[in-house]
Amino acid sequence: MSQPRILTVGSGAIGGIYSWRLSKSSQVTNVCRSNYAIVNENGFSFDSKKFGQDVFKPHNVVRTVSEAADLDKDTPFDYILVTMKALPEIYNVADIIAPAVTPGKTTIVLIQNGLGVEEPIVANFPENPIISIVAYIGTSQVSPGHISMVGNESLVVGTYLRSKVDNTEQKKLFLDLLQKGGVDAVDVDDVERVRWQKLFWNASFSPVCAMTGMNTSEVLNNKEALASVRNVMKDVIMSANAMGYEFDVEEQMHTMVDRTEKTAKDYKPSMQLDFERKQPMEVEVILGTPLREAKAKGLAVPYLEVMHDICSAANAKTLLDKKSQL
Ligand SMILES: NC(=O)C1=CN([C@@H]2O[C@H](COP(=O)(O)OP(=O)(O)OC[C@H]3O[C@@H](n4cnc5c(N)ncnc54)[C@H](OP(=O)(O)O)[C@@H]3O)[C@@H](O)[C@H]2O)C=CC1
Ligand SMILES: CC(C)(CO)C(=O)C(=O)O
């Protein structure tokens, strides 16, 4: 049997790592932009405690999704792996991947942070199966094509219950492909619950670190910063509960803070790294969607709202500064 054809759109840290792991059992094509020249010439290089040091040359390296779609017009991609930053306020991911999506055939796999990332996919490709994945990993592209990964990783591979297309078969195969690459991947039925729970951390520690310039340990040691984390976190947990989940507020807050103390010392969340690199932060999917969901349920979430507004303003400034440099 021929190997599954996978197209990765978003060949940064996450896209590089998981393309490499999937290449153990699949034929992977990578769409590369700023790292095109290096990856096309030498491949990606990796430095990871879990997976080791290695170089991976994708089956094909292309500059655009259209170029990928033209590679072998008669053979659809089995999977498109979307690993771009989730920035619906800046681009529509569905428009970007559209040239390579074969209706009813290609499964669209998202490995992105935040809530609501599946919405544009389901709206634009209602006949295609979707797999929604939450990643627990610390990785970054330290220079073009060179990816460093600290510690362990795991993926929660889920079903987006609002999709009308059954993904059982495609999800089972994708889990198998990940596991063949040594990825710690587990299967869940309701991925939205996992996305909410990850937001408890991402919507609180990440923006407080980004806006104060403090890493996780510095935040834990600062009374006001930690109070902000706790206030925003509480708003997000209550928002999740307003959606019908039953998280114990105090227990979740204790677990998140305790886990950060034990396992995420001196860490800079990806939102903070984006801010420092003068790149837009994933504000809408991390703070905007829970805010909108809470408001729709009539819940007041003042700390979440202020944090959302400050980060949106910071993003607007980043984009304005970028424009004025052109
Ligand atoms: N890194 C981590 O440890 C974790 C990340 N995540 C989530 O995973 C997702 C990916 O993050 P990460 O890999 O760190 O991000 P990166 O910034 O490292 O990678 C994003 C990649 O997407 C590319 N890209 C952006 N726009 C397009 C486009 N229009 N067409 C093709 N490629 C495009 C970028 O190219 P270019 O360089 O040219 O801009 C870049 O290579 C995010 O949602 C993040 O929150 C979740 C858990 C942990
Ligand atoms: C919570 C964490 C570290 C998960 O891997 C993350 O998503 C981030 O840095 O934004």
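Just follow the structure's listing: the first ligand is 1, and inside any ligand the first atom is 1.
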inquiry  = Tell me whether K198 forms a cation-pi arrangement with Y136, defined as NZ or CZ under 6.0 Å from the six-membered ring centre and within 45 degrees of its axis.
reply    = yes
If you compare all heavy atoms of [X] against all heavy atoms of [Y], which two are closest, and at what distance to 0.1 Å?
X: V283; Y: N315; answer: CG2-ND2, 3.3 Å
X: L7; Y: A68; answer: CD1-CB, 3.5 Å
X: F77; Y: T106; answer: O-OG1, 3.0 Å

Contact region, A264 to ligand 2, non-hydrogen atoms below 4.0 Å, reads neither
Counting heavy atoms under 4.0 Å, the part of K198 that contacts ligand 2 is side chain
- Task: Decide if the gap between the ring center of F247 and the ring center of F200 is smaller than 6.0 angstrom.
- Result: yes
For Y267, is the nearest heavy atom under 4.0 Å from an atom of ligand 2? yes
task = Say whether A135 and ligand 2 are in contact under the criterion: heavy-atom distance to a ligand atom below 4.0 Å.
result = yes
key: More than 12 heavy atoms from other groups under 6.0 Å of CZ on R292   = yes
Give the numbers and elements of all ligand 2 atoms closer than 4.0 Å to a heavy atom of [X].
X: Y136; value: 5 (O)
X: P269; value: 9 (O)
X: I137; value: 4 (C), 5 (O)
X: W201; value: 1 (C)

Restricting to heavy atoms, the pick from G12, S140, P144 nearest atom 40 (C) of ligand 1 would be G12
Among M281, E282, Q279, the residue with a heavy atom nearest to atom 42 (C) of ligand 1 is E282
Near K198 (heavy-atom distance under 4.0 Å), the atoms of ligand 1 are 46 (C), 47 (C)
Review point. Is the shortest distance from a heavy atom of R63 to ligand 1 less than 4.0 Å?
Key: no
